[in-house]
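Written below as C-alpha cells is the structure these notes are about.
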Amino acid sequence: MCLIAFDWQPETETPLILVANRDEYFHRGTAAMSSWLDQPEIVAGRDLEALGTWLGVNAGSGRFAALTNIRAPAYRRGCEKSRGQLVSGFLQSALPASRYLDEICRERPSYSGFNLLVFDGEELYHLNSEKQPRPVEPGLHGLSNACLDTPGWPKVESARRKLCRWLEQPGSMKDLALLLDSRVLAAPDTLPDTGVSPAEEHSLSVEFIAMDGYGTRCSTAMIWGRDHVRLLEITYDCDGRICGQSEFQINREDRLSDPRPWISTDRSPVLNVT
C-alpha cells in the first residue's frame, strides 16, 4: 500500500474515512478483498506469498489496519519477516492499538522500513519504523513512502486535497475508491529524494502508478461509521484497467451467522457481526 489519504474525526458518527492505492509488482500473487476462509472475521486482500495483507478489517472485534512501505534503498535489506504480517497480526490481536505497537517496536529490525496505521475501534495510532508510536491527531492526513504528512510529496498533497473536496461534496463509494486516479507526473523539481534514481522517482510521483511490471494493483475506499463499516476494493490489471470489484457492508449490531467469503462485483455483501 503506497498512498493513503484519510480523515480522522473521532467524535463524529463517521470517525474514519479513507482512500488508498496499493502498488506492487504484478508477478506477486494476490487475492482480492474477501472474508478469509481460515479467519472469516477478517475482511482484507491477501498477499499469497507471505499470507499477510496491506489493509484490512476485523469485522468481529472492530479493528482496522493499513501499511505502506518506506521507499529508500537503505531499507531494501534481507529482513526475515514480511511487513504484511504487521497488519494481519493486529487484526488477529486483542491488544489495544498502543500496546500492539509497543510490541512491534521490539521487533522492528526484523522488517524492512514501514508505516503502520492501526485502529482498535477507539484510538487510531501511527508507527513509522524509525520513530515511536503516536496517536493520530484529528484531521485530514496523507501517507505514502515517508512519514505521516511529510511535506514535499506532491501526490500526498494532491490526495489530501482530493479527499477534502470529496468530504465537502460526498459522492458514491466508487467515486471515493477512484479518487486517487491521476496518472499525471509531478514536476521533477518538486520531488522528494528517497535515494532511487531521478527517473524512477519521477515515474513513481503519480497517484496511480503504471510502470512495466509494477503499478497500482488496487484502490480501496472505507467509511467507518459507529454502527457499520463500508468497504470497496477495485482491482486493476497490468495495463491499469479495472478487472474486479469487491464491496462489503459490515453491520456491527447483529451477529456473524454465515462465515463464508463475500465477494461480489454486482452487490454489497453484508457481514452481520457483533
Side-chain angles (χ1 to χ4, degrees), residues 1-7 16-28 30-33 43-47 52-57 64-71 83-84 87 113-117 126 140-150 153-167 171-186 191-192 194 196 200-223 230-247:
M1 186 67 66
C2 291
L3 180 60
I4 302 175
F6 64 96
D7 188 45
L16 186 57
I17 297 176
L18 175 145
V19 58
N21 284 352
R22 183 217 181 195
D23 307 324
E24 182 55 88
Y25 290 100
F26 280 93
H27 64 71
R28 190 171 182 106
T30 297
M33 179 176 280
V43 180
R46 203 164 200 180
D47 168 32
T53 186
W54 56 94
L55 182 154
V57 166
F64 159 80
L67 178 84
T68 73
N69 68 319
I70 293 177
R71 187 168 74 241
R83 288 169 290 196
V87 176
F114 65 86
N115 287 289
L116 181 62
L117 289 171
H126 168 250
L140 194 62
H141 299 277
L143 180 63
S144 186
N145 308 115
C147 200
L148 184 67
D149 296 325
T150 297
W153 281 70
K155 67 180 178 181
V156 172
E157 294 166 2
S158 68
R160 280 197 301 251
R161 287 194 300 269
K162 285 184 170 183
L163 181 56
C164 183
R165 289 196 295 268
W166 188 92
L167 293 167
S172 67
M173 285 293 288
K174 190 168 185 178
D175 290 337
L176 181 59
L178 295 175
L179 205 60
L180 308 182
D181 64 347
S182 174
R183 307 187 190 194
V184 177
L185 295 165
L191 299 180
T194 63
V196 300
E200 185 177 1
E201 197 79 72
H202 197 215
S203 296
L204 295 170
S205 68
V206 294
E207 295 171 359
F208 190 106
I209 296 173
M211 298 169 64
D212 185 18
Y214 178 86
T216 299
R217 301 278 303 267
C218 69
S219 299
T220 306
M222 184 181 77
I223 298 178
R230 296 180 67 192
L231 290 159
L232 173 63
E233 180 191 80
I234 295 173
T235 54
Y236 308 99
D237 64 19
C238 60
D239 294 315
R241 297 173 300 196
I242 294 174
C243 61
Q245 178 174 307
S246 304
E247 187 167 5

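Position 1 is the first residue of the sequence, and the numbers go up from there.
In this structure, Cys2 and Asn21 have side chains that are not in contact, with every pair of non-hydrogen atoms separated by 4.5 Å or more. A heavy-atom distance below 4.5 Å is not found between the side chains of Trp153 and Leu3. Using a 4.5 Å heavy-atom cutoff, the side chains of Val156 and Thr150 are not in contact. Between Ser144 and Thr68, every side-chain heavy-atom pair lies at or beyond the 4.5 Å cut-off. Looking only at side-chain heavy atoms (C-beta outward), Lys155 and Ile209 come within less than 4.5 Å of each other. Side-chain contact between Val43 and Met33 is present, with at least one heavy-atom pair separated by less than 4.5 Å. Between Pro192 and Pro154 the shortest side-chain heavy-atom distance falls below 4.5 Å.
When atom types are taken as modelled, the side chain of Thr30 and the backbone of Arg28 share a donor-acceptor pair closer than 3.5 angstrom. The main-chain N or O of Gly113 is found under 3.5 Å from a side-chain atom of Arg83 such that the two form a donor-acceptor pair.
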Criterion side-chain contact (heavy atoms from CB on, under 4.5 Å) on Met211 and Leu204, from CA distance to verdict: CA-CA 9 Å; Met211 298 169 64; Leu204 295 170; 3.6 Å; yes
side-chain contact (heavy atoms from CB on, under 4.5 Å) evaluation trace for His126 with Leu143: CA-CA 10 Å; His126 168 250; Leu143 180 63; 4.2 Å; yes
CA sep, side-chain torsions, deciding dist, call: Arg22, Leu55, side-chain contact (heavy atoms from CB on, under 4.5 Å): CA-CA 9 Å; Arg22 183 217 181 195; Leu55 182 154; over 6 Å; no
Pair Leu140-Leu163, side-chain contact (heavy atoms from CB on, under 4.5 Å): steps then yes or no: CA-CA 8 Å; Leu140 194 62; Leu163 181 56; 3.5 Å; yes
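By the salt bridge (Lys or Arg N to Asp or Glu O under 4.0 Å) test, Glu207 is found to be paired with Lys162, residues two or more places apart in sequence or in another chain being considered. Among residues two or more places apart in sequence or in another chain, the side-chain hydrogen bond (donor to acceptor under 3.5 Å, both in side chains) test is passed with Thr216 by Asp23. In this view, Val19 and Ala5, Leu176, Leu179, Leu180 satisfy the side chain to side chain contact (heavy atoms under 4.5 Å, CB included) rule, not counting sequence neighbours.
Listed here is the closest heavy atom pair of Leu191 and Ser205: CD2-CB, 3.4 Å. Here the closest heavy-atom approach between residue Ala20 and residue Ile4 is recorded as CB-CG1, 3.8 Å. Shortest non-hydrogen contact noted between Tyr25 and Tyr214 is N-CD1, 3.4 Å. Shown here for Thr53 and Arg46, the closest heavy-atom pair between the two residues is OG1-N, 4.4 Å. Listed here is the closest heavy atom pair of Trp54 and Ala31: CH2-O, 4.0 Å. Here the shortest heavy-atom pairing between Phe26 and Gly215 reads CE1-N, 3.5 Å.
Phe6 contributes atom CZ, which lies 12.5 Å from atom CD1 of Ile17 (distance to the nearest 0.5 angstrom). Taken from CE in Met173 to CG in Leu232, the straight-line distance is 5.5 Å, to the nearest 0.5 Å. Remark: Phe64 CZ to Leu18 CG distance equals 4.5 Å, nearest 0.5 Å. Between the CH2 atom of Trp166 and the OG atom of Ser172 there is a distance of 8.0 Å, given to the nearest 0.5 Å. For the atom pair SG (Cys238) and CG (Asp212), the distance works out to 9.0 Å, reported to the nearest 0.5 Å. Atom CG in Leu117 sits 7.5 Å away from atom CG in Asn115 (nearest 0.5 Å).
Heavy-atom neighbours of Asp239 CG from other residues, nucleotides or ligands within 6.0 Å: above the threshold of 12.
Salt-bridge formation is not detected for the pair Glu247/Lys174: no Lys NZ or Arg NE/NH1/NH2 atom is positioned less than 4.0 Å from an Asp or Glu carboxylate oxygen.
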